[in-house]
Amino acid sequence: MLPELYYKYMNEPNVLPDWAYFFLQIGSQMASEQIQDERCVIAIAVPSRHFAAALIAFGYVYERVRGSNCVDQTRIDMLLNQDIGTPVYVRSNDGKKYKGTIEGFSTMMGKSYIDIRTTGNQVRSVPLESHASRITIAERDISLPKYKQTGQQAEIPTPFLNSLIKESQIIDYIVGSSYESAIIGNRSQLQQEICDEPFYVKSQNNRFLQGNLQEILRMRSFSGLNKSYKSECISSNSIDNKQTDISDHNISLVVFDGAVGFIKSNHLWLQCHQIVVLDRCERQFPDAVQLINDNYAYRTESDVNLKLKIPPHIEMMAYRELV
Amino acid sequence: MNSSDFHNVSRLYTSTKDVEITQHYVANAILREFCIQLYSLENTLGESAEQDYWRDFLIPLKRIRFGLSAAIFTTDYRSSRIGDVLQGSKQHLKHCEKLYPNEANLAFSVVSYLQNVYDQVSDDPLKDRLYQLSEACDSTVWVIKESRFIPDVELNIDQLGLENKVTVLHPRQLRQLKMYPRIIFIGPSRWFPDSAFTAPRSADMHLVIYDWISDRLQFSNVFDQPFKSSGRSNKTTIRRDKISNETSIDPEKMLILTNKLATIQSKISQDQSSDYDKIDAVSVFLERDWVVFVDATENAKTLIIDLEQETEERIQRIPVAEIHPGSFILVRTGGGADYILPVADRILGNEAQKARKFQRNWKQLLRQYVDRHNLFETSIELIDLGSDIANEINLRNWMSPRSISTRNYKDFLAIMSLIHLEANAEQYWSYMKKINNAHRRAGYEIRDLLLEQVRDADIDLLQKQGKMDFKLDEGDEGGITAFRVESVATETVAISYSQIGQPIELDTTVWRE
């Protein structure tokens, strides 16, 4: 179930309006859609692109992570493919981040482990199934201390985040990394919407706790180096799949924020759900609509079951296609 | 963007749940007669309307018909403008009966009806209706099809005493995230983008149209199979005044004022330049009936402003095939057609004069050789002298002042050998490399300078006016002007390289520049 979010206008809190919940719900309902042989494609024509993609991704990531007890097999496979000596960061239960290098892989009582050297003479065996999301590959070489690491405090969850994520999941949430979704669009506009626009939740004692969409979305390029992430934002003008480590196998949802990115790169990420947000006012709106209608011809017979009340001046189309 | 943008987005959705669009048909019997008669003449002429005689006659009349339907003007301006056209038209028809006996009567009646319009020039029911709709509302926006009309409309607003109540906008300004209590479009719906009605910026919209212009306002879904909402969908109500059943004009046909391509061809055919001086170019039609020829040769790029891009990427250098309507093309105005050249020369500093002299010298000698031996033979000789890629197209390009030199030294050496400058080849090559570097640096510098100015520019004003001037250099005599692109021709034309980048006025009878 989606949280009740607020925004402020003239210092007065207002509950998020219906149109915003529409976008949150699209994301949230898509989170329960599995990708097996088919993926969902949703196209939405909107009177203004503002906040649409960000809210969709928020709803999706929130629902995915909140209900997530799933094993991230993609991440496990990625780690198993790393060479011995690969530098990594490991986040522990106390929220701290430790440097390490991969020493090897082992199996004990049917469970897989990754062995990580954290000091000159200490190797930890970390269970892959439960802790894969806590291990990230370091972007440069690491030098390990001889005897002991104190660890680096990664992040303290904000009151806003604490109110949205269950206590039992909060540590995993802030220390674990994965790619749940990607948004392709105008990066600077998206950054403002995701990082600069304040939103609020009401606490149990009726205080309004301020936060932003980034606290849930955790866009990697907005978070800074070596912070945990859940999503990525890619500029429409510089899409080059080779330059990112986001491939079909990493993410399960791509949101195209605008016609430009969609027209340029709709042939990428074919194995994940696709949501296309098209601003009726943008120049390439007719071209993108044409492309979507062309693609619709290749749909499968299965329906996309969404329970939604569509706001004014929004038109939507949803179908499935083979992956 | 600031935090109130979420609130503005909210307003957009909540305040346009139910939209009402009213079409107001305005009657003006005298103007109607003129417009319908002119329409009849065009239909009667058919393809003959493109002949010089009829084109020169029709264009000013069509401009009047369009202008009076798309905006309001002061009585003085209407009187002056219509009077000029009347005089010109009567003069033009002096020999019409002899030249075109079948069409003469119809042509004379058009002028006669225009005379009636002139005699009743102070009658302006369009203005009256606009006043009526705006006076009662605290804040109204008038949307005008063409930016060139906006200053006149604003003048009228001041004269009507509505300056505190009415704002004038260009249709592209409606893309912004701003809501208005009331929007009035002057002209039929098909003169404005679909998004003006499908992504409305007001719940109370009006179209004010003369009753001889047909206008079917209807909405259709954009997707082949729209998703069925579980709730009530939004409502858009269209109200109409009583519609006349008499002859009406297709509004799209009123927009085709001139056959621009035919006019271009006519101008090009007057060009006496030698074939060697010509390059392939594409005609880019700008607002206010201007055209600029853009280099369409391989690898050629042109500078544009695209306001839909991220701020730091608004200035782009793109191939001509990617120029699109709505973007702003940057054109040198005054001080020579090439805006790179003066900046590059400044970068070259003391060496500029000598470098350019060397550049002109070898190109001139090459050209003289080609004049004596023709392109084909010259390219063969260059291949014999060691060039890998000499052919007629490349040779033409090397001779052109728009190119600096060859890409590879091997080809350059072949040219130097051909024109007996082999002994100085390295010295010439060194200067060409300096020019090349200077041009490249100039390109970056210009882009950065423009980016800074565009960042600080009033983008709203740029959208409204459709053009804006920029300054490159303190000492630069000319400047750069951004013109909004209206359309881009699909065919290329061969024109003199000296015309590349020079904005040309298509028609001097244009109604307000």
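Chain identifiers are assigned alphabetically (A, B, ...) following the order of the sequence lines, protein sequences preceding nucleic acid strands; residue numbering begins at 1 within each chain. None of the values given here were measured: they were computed from a predicted structure.
- Contact check for A:Pro47 versus B:Arg201: side-chain heavy atoms found under the 4.5 Å cut-off.
- Summarising the geometry, atom OH belonging to A:Tyr7 is positioned 4.0 Å from atom OG belonging to B:Ser10; distances are rounded to the nearest 0.5 Å.
- Side-chain rings of A:Phe199 and B:Phe6 approach one another, their centers coming within less than 6.0 Å.
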Requested in this report: Run the numbers on B:Asp306 and A:Arg283 for side chain to side chain contact (heavy atoms under 4.5 Å, CB included), then give the verdict.
Outcome: CA-CA 11 Å; B:Asp306 186 351; A:Arg283 177 178 54 83; 4.1 Å; yes
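- There is no contact between B:Glu312 and chain A, counting heavy-atom distances below 4.5 Å.
- Neither the backbone nor the side chain of B:Arg172 comes within contact range of chain A; no heavy atoms are under 4.5 Å apart.
- Atoms CG and CZ, on A:Leu308 and B:Phe227 in that order, are 5.5 Å from each other to the nearest 0.5 Å.
- Looking at A:Leu306, the atoms closer than 4.5 Å to chain B (heavy atoms on both sides) sit in the backbone and in the side chain alike.
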**Report entry** Derivation of the side chain to side chain contact (heavy atoms under 4.5 Å, CB included) call for A:His313 and B:Thr198
**Finding:** CA-CA 6 Å; A:His313 309 295; B:Thr198 58; over 6 Å; no
Query raised in the report: Between B:Asp194 and A:Phe285, is a side chain to side chain contact (heavy atoms under 4.5 Å, CB included) present by the stated rule, with each step listed?
Result: CA-CA 11 Å; B:Asp194 286 349; A:Phe285 175 78; over 6 Å; no
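- In this structure, A:Lys8 NZ and B:His7 NE2 are separated by 15.5 Å, a value rounded to the nearest 0.5 Å.
- Under the 4.5 Å side-chain criterion, counting only non-hydrogen atoms from C-beta, B:Tyr13 is in contact with A:Ile314.
- The number of heavy-atom neighbours closer than 6.0 Å to CG of B:Asp138, taken from other residues, nucleotides and ligands shown, is 12 or below.
- For B:Gln225, the parts sitting under 4.5 Å from any heavy atom of chain A are the backbone and the side chain alike.
- Contacts with chain A (heavy atom to heavy atom, under 4.5 Å) involve no residue of residues 178-193 of chain B.
- Only the backbone of A:Ile44 has a heavy atom closer than 4.5 Å to any heavy atom of chain B.
- In this structure, the side chain of A:Asn293 engages the main chain of B:Val222 through a donor-acceptor pair within 3.5 Å.
- The residue among B:Gly326, B:Pro226, B:Ser327 with the most heavy atom pairs within less than 4.5 Å of chain A is B:Pro226.
- There is no contact between A:Ala297 and chain B, counting heavy-atom distances below 4.5 Å.
- Residue B:Lys17 holds its NZ atom at 12.5 Å from CH2 of A:Trp19, rounded to the nearest 0.5 Å.
- The line from OG of A:Ser188 to CD of B:Gln309 is 10.5 Å long, rounded to the nearest 0.5 Å.
- At least one donor-acceptor pair under 3.5 Å links the side chain of B:Arg175 to the backbone N or O of A:Cys281.
- If you measure heavy-atom distances from B:Pro200 to chain A, the contacts under 4.5 Å come from the side chain alone.
- Atoms CE and CG, from A:Met317 and B:Asn221 in turn, are 10.5 Å apart once rounded to the nearest 0.5 Å.
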